[in-house]
Amino acid sequence: MAELKLSESRDLTRIERIGAHSHIRGLGLDSALEARDVSEGMVGQTAARKAAGVILQMIKEGKIAGRAVLLAGQPGTGKTAIAMGMAKSLGLETPFAMLAGSELFSLEMGKTEALMQAFRKAIGVRIKEETEIIEGEVVEVQIDRPAVAGAASKTGKLTLKTTEMETVYDLGAKMIEALGKEKVQSGDVVAIDKASGKITKVGRSFSRSRDYDAMGPSVKLVQCPDGELQKRKEVVHCVTLHEIDVINSRTQGFLALFTGDTGEIRSEVREQIDTKVAEWREEGKAEIVPGVLFIDEVHMLDIECFSFLNRALENEMAPILVVATNRGITTIRGTNYKSPHGIPIDLLDRLLIITTQPYTEGEIRKILDIRSQEEEVEMSEEAKHLLTKIGVDASLRYAIHLITAAALACQKRKGKIVEMEDINRVYHLFLDVKRSTQYLMEYQSQYMFNDADEDDNNAMQS
């Protein structure tokens, strides 16, 4: 009989891919906003991280809108890493929207509309709502099932108690089904939303903790609620202005968020939403949470986008804008004029500029250590030293790319630890920019459409 091969089962609940910035957990600052040398995946760039920490404090206080920050520096000096560190430090409740400059030109909508949607994604609204709930410990669940199937619907009674009172509730078919889904039994502490009928199991009462000899780790023991069974509770929902725009501008409403095709949103819809949110703020029902909009490769924007940004930053609903570029003095897209970083002078004047410096040899070594740990690659000291030298001579990004490649070369020779020979092998397999350029210079006559060909053709024509 043929042997049955069982397919290898994988845990699909947590699939984590290692990205370029997956090792970053925050900005690596202490309570006094001083940058630690190596912390939360960040290495060096102490001045830039301190400055980002000050901006972060400003965002958390949420009092100042429409401030803009420019992260400027050479390629591979950690500009996007600082922006990612800011996003991680802000937490989940503060909106953080990311956008690449070139994205605006590939969308099926106007550039300014895409920018406006990005701005609205970066502004959160914390809506407070009061709901009536019934909270108590389940004393008894009694369900009467009809003798003949389909003759009548199920009926039942639910007895709930607090430390002061006890009440019996009649149950309908929907509530019986909800209790069954949540697997509610006597001794559980439950909360029932009166408006929607949603049942939430809070935990198990301490008084019934000895009912079983053993309980799973997920069982939470709580005190029996005190006071009355019916209580008013404040619930807080966090949404972005863009989500409210989409819900109100589409016929399918809330489902439009899942279709992804939001399209252009009319300015009248936005004005009505802004008016409504302003009313809620005055009544104390809602508060604005200004977030962060991060635009990478900002030099890719054109003069129309820069003019729009100038106007949008003056709005009181504007988020904190963080932009990054690696360009020097270059042409502003859409014009023939040159400007620092390819950004018009009037917008540059509004920006707080944070510069990043090239990494030192020691910092490159620390970054390579962190990346090796993140990619789960064991490397000998000599190999790390060689990789650091490559990082200094070629580029940090090239050295990081060689980590996994060297690990695969090591695996091929059935080794456990990456040695110098593995680094050497992949170094000769994959060229860096300098060696590739040198190769092109040597053999450019054999490539198509090179400058040498053009010179020959011009000579022939003359």
Side-chain angles (χ1 to χ4, degrees), residues 19-21 24 27 42-56 58-59 66-88 96-107 111-112 114-119 121-122 291-313 318-359 363 367 395-398 400 433:
H21 299 104
I24 288 162
L27 280 173
M42 297 293 280
V43 177
Q45 304 294 358
T46 49
R49 278 158 57 203
K50 262 196 233 177
V54 173
I55 300 294
L56 205 65
M58 191 165 78
I59 297 162
R67 287 294 163 93
V69 181
L70 169 66
L71 294 168
Q74 299 97 314
T77 51
K79 297 180 295 296
T80 310
I82 288 172
M84 295 298 289
M86 286 173 80
K88 292 277 167 66
F96 186 93
M98 277 187 85
L99 186 73
S102 51
E103 267 181 60
L104 298 178
F105 300 95
S106 58
L107 295 168
K111 293 173 284 189
T112 52
L115 271 176
M116 178 53 91
Q117 287 194 14
F119 262 74
K121 278 177 193 171
V292 180
L293 171 61
F294 175 59
I295 304 177
D296 208 353
E297 308 294 337
V298 75
H299 52 264
M300 292 299 292
L301 302 186
D302 61 12
I303 193 73
E304 292 171 34
C305 297
F306 288 127
S307 302
F308 175 81
L309 286 178
N310 265 329
R311 177 69 192 88
L313 286 171
I320 302 287
L321 178 68
V322 179
V323 296
T325 180
N326 55 19
R327 297 294 162 95
I329 295 167
T330 184
T331 310
I332 302 165
R333 194 168 174 178
T335 71
N336 296 323
Y337 298 104
K338 288 198 170 185
S339 173
H341 312 298
I343 300 170
I345 299 293
D346 57 340
L347 180 59
L348 266 178
D349 199 31
R350 293 171 190 264
L351 302 172
L352 290 167
I353 301 171
I354 299 172
T355 55
T356 54
Q357 307 302 323
Y359 289 111
E363 287 166 353
I367 293 166
S395 74
L396 173 62
R397 282 178 178 155
Y398 175 67
I400 289 170
V433 179

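Fair warning: this is a prediction, and the values are worked out from it, not measured in the lab.
Scanning both residues, Ile24 and Lys88, for their nearest heavy atoms gives O-NZ, 3.2 Å. Contact detail for Pro358 and Gln74: the closest heavy-atom pair is CG-NE2, 3.3 Å. Between Gly78 and Tyr359, the shortest heavy-atom distance links the atoms CA-OH, 3.7 Å. When all heavy atoms are compared, the tightest approach of Ala324 to Asp296 is CB-OD1, 3.6 Å. A pairwise comparison of heavy atoms in Ala318 and Ala312 identifies CB-O, 3.5 Å as the closest pair. Nearest heavy-atom pair, Ala48 versus Thr355, reported as atom, atom and distance to 0.1 Å: CB-O, 3.7 Å.
Residues Asp302 and Cys305 form a side-chain contact, since some pair of their non-hydrogen atoms from C-beta on lies under 4.5 Å apart. Residues Leu301 and Leu309 form a side-chain contact, since some pair of their non-hydrogen atoms from C-beta on lies under 4.5 Å apart. Using a 4.5 Å cut-off on side-chain heavy atoms (C-beta onward), Ser307 and Leu347 make no contact. Taking 4.5 Å as the limit, every side-chain heavy atom of Val433 sits out of range of all side-chain heavy atoms of Tyr398. Within the 4.5 Å cutoff, the side chain of Ile400 has heavy atoms near those of the Ile367 side chain. For the pair Leu348/Ile353, a side-chain contact is recorded, criterion being any heavy-atom separation below 4.5 Å from C-beta on. Ile82 places a side-chain heavy atom less than 4.5 Å from the side chain of Leu27.
Here the CZ atom belonging to Phe308 is positioned 12.0 Å from the NZ atom belonging to Lys111, to the nearest 0.5 angstrom. How far CG of Leu99 is from CG of Leu293: 6.5 Å, rounded to the nearest 0.5 Å. One finds the CE atom of Met300 at 13.0 Å from the CD1 atom of Ile295 (value rounded to the nearest 0.5 Å). The distance from atom OG1 of Thr112 to atom CD of Glu304, rounded to the nearest 0.5 Å, is 8.0 Å. The NZ atom of Lys50 sits 15.5 Å away from the CG atom of Leu56 when rounded to the nearest 0.5 Å. Here CG of Leu71 is found 11.0 Å from CG of Leu352. Values are rounded to the nearest 0.5 Å.
Judged by distance alone, with hydrogens and angles left aside, the side-chain atoms of Arg333 form no donor-acceptor pair with the main-chain N or O of His299 at under 3.5 Å. For the pair Asp346 (side chain) and Asp349 (backbone), a donor-acceptor distance under 3.5 Å is absent. When atom types are taken as modelled, the side chain of Gln45 and the backbone of Gln357 share a donor-acceptor pair closer than 3.5 angstrom. Within the 3.5 Å criterion, the main-chain N or O of Gly73 finds a donor-acceptor partner in the side chain of Lys79.
Around atom CD1 of Ile329, no more than 12 heavy atoms belonging to other residues, nucleotides or ligands sit under 6.0 Å away.
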